[in-house]
Amino acid sequence: MSAVAVSGRSGLAELPVSHVMDQLLERVVEDLPYDDVTGRLKRRHYIIDRLKLEFSKDAARLAAEFATDDAAERLDSPTAGEWIRHNCKVSRSTAYDCINVGEQLHRLPKSADAVTTGAIGFAHLSVIARTSSSLAESTTESAFVEDDLVERARECSAGRLWHYCMRLRHALDPEGVASEQRIAVEERRLQFTVWDDGSLLISGQLDPIGGAAVRTALEPLAQPMGQGDDRCLEHRQADAFVELATHALDAGLLPQHASQRTHLQVTTSLETLQGLPGSPAADMEFSTPISTVTVQRLACDASIARVVFGPDSVVVDVGRAARVVSGATRRALNARDQHCQWPGCERPASWSAAHHLVHWVQGGATDLSNLVLLCHRHNWMVHEGGWKLARSNDGRLLAIPPVYDYYRVRAPDTIPAA
Ligand SMILES: [Zn+2]
Ligand SMILES: [Zn+2]
């Protein structure tokens, strides 16, 4: 009969070590008052770091077993990292990180001592170990100076240390860094998945330089803009992404398709464009059928949409016929407004559409008195978002919010069947 009663999923909580752990957790903060939260956090994390240091030594021993004997078969796992991931309930990166630290410890005695004394954290040690293993694998002769890194680690965060180590690695092993970045590019991917409601799920991975280009382009577009902008960062980034694509289409920046400018292709009937009762939804390439208000927005500044009336009506290529905002009118509009006219928004004219205050489909004139520059986001807010624009007596444009929230009034019986 076993001396240790093991029950439950792991049985770990009933091992004798559990009692010792309870005492340790209590002892480590017992001289600190309960309201000294920061002091307690530091002490507790010191224990975590010490444990991770010991954990790493055993993780490396397991990796060595996998390298030399039949551990893969015996433990029914392809690698030590996978075994640790499943059985110790950690992420893949944590598992491999600990193995790497354990494997590098024989080269990093000063770093390990610094963790033991609490001078640096395990996160620092992990960065130093990654640098050490990268340089050990490099083909070029390099001089890894542990003292320097430990000294840096004492003074800065793990994140800053990582940056310093990247620069150091480049100085010592430029070919290794270039090779790593080449591999990162090879692992790039971008996937689109269309959900049942037609929404596009985007997932992917970009190398650091490609990712930086995307973030640098989106960052200025994702800033809060205009009065009453309470969008969260995720919403602003999503809007910025769509705006970038829309601008590329609108400004004709994309390679031409069979001598035609690439643009959003919308097919609709005149009834739909006018919003008459009983009119069908419009069709747009790559999208589910779209509503009247969206068609009206796309056709508002006809330079971004090519609208073809369906067979029920007279076939008119509105993309050309309704490009009533002529070059001269648009230039005059740009000169007058200079940027999006939504209160507080400064998106430049080249990133804005010529919005008809009274839509041309409802008889609104295409002259300066009825046109106003609106950026992509604010054009959407007026057409689909339910906001109204009005001129004050002194000529300023006022944005009037909808009286109800569009997202909350959607009754179940208005949701289209899948
Ligand atoms: Zn508009
Ligand atoms: Zn705007």
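Here the structure is a predicted model, which means the values were calculated and not measured. Hydrogens, waters and symmetry mates are skipped; everything else that's a heavy atom, side chains included, is used. First listed ligand is number 1; within each ligand, the first listed atom is number 1.
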Completion exercise
At the Zn ion (ligand 2), SG of C340 and SG of C345 open up to roughly (10° bins) 110°

Problem - Contact check, side chains of L244 and W351, non-hydrogen atoms, under 4.5 Å - result: yes

Problem - Aromatic plane relationship, H359 with H383 - under 30° parallel, 30 to 60° tilted, over 60° perpendicular - result: perpendicular

Exercise for the section: Ignoring hydrogens and angles, state whether a donor on the side chain of H339 or S352 is under 3.5 Å from an acceptor on the partner side chain. Expected result: no

Handout entry: H355 ND1 and C300 SG subtending at the Zn ion (ligand 1) (10° steps)
Key = 100°

Problem - Considering only N, O or S atoms of H378, the one closest to the Zn ion (ligand 2) - result: ND1

Practice task
Using a strict cut-off of less than 4.0 Å between a Lys/Arg side-chain nitrogen and an Asp/Glu carboxylate oxygen, indicate whether K52 and E54 qualify as a salt bridge.
Solution key: no

Exercise for the section: Flag N379 as yes if one of its N/O/S atoms falls below 2.8 Å of the Zn ion (ligand 1), otherwise no. Expected result: yes

Practice task
Measure from the Zn ion (ligand 1) to each N, O or S atom of H383 and report whether any distance is below 2.8 Å.
Solution key: yes

Problem - Charged N-O contact under 4.0 Å between R377 and E243 - result: no

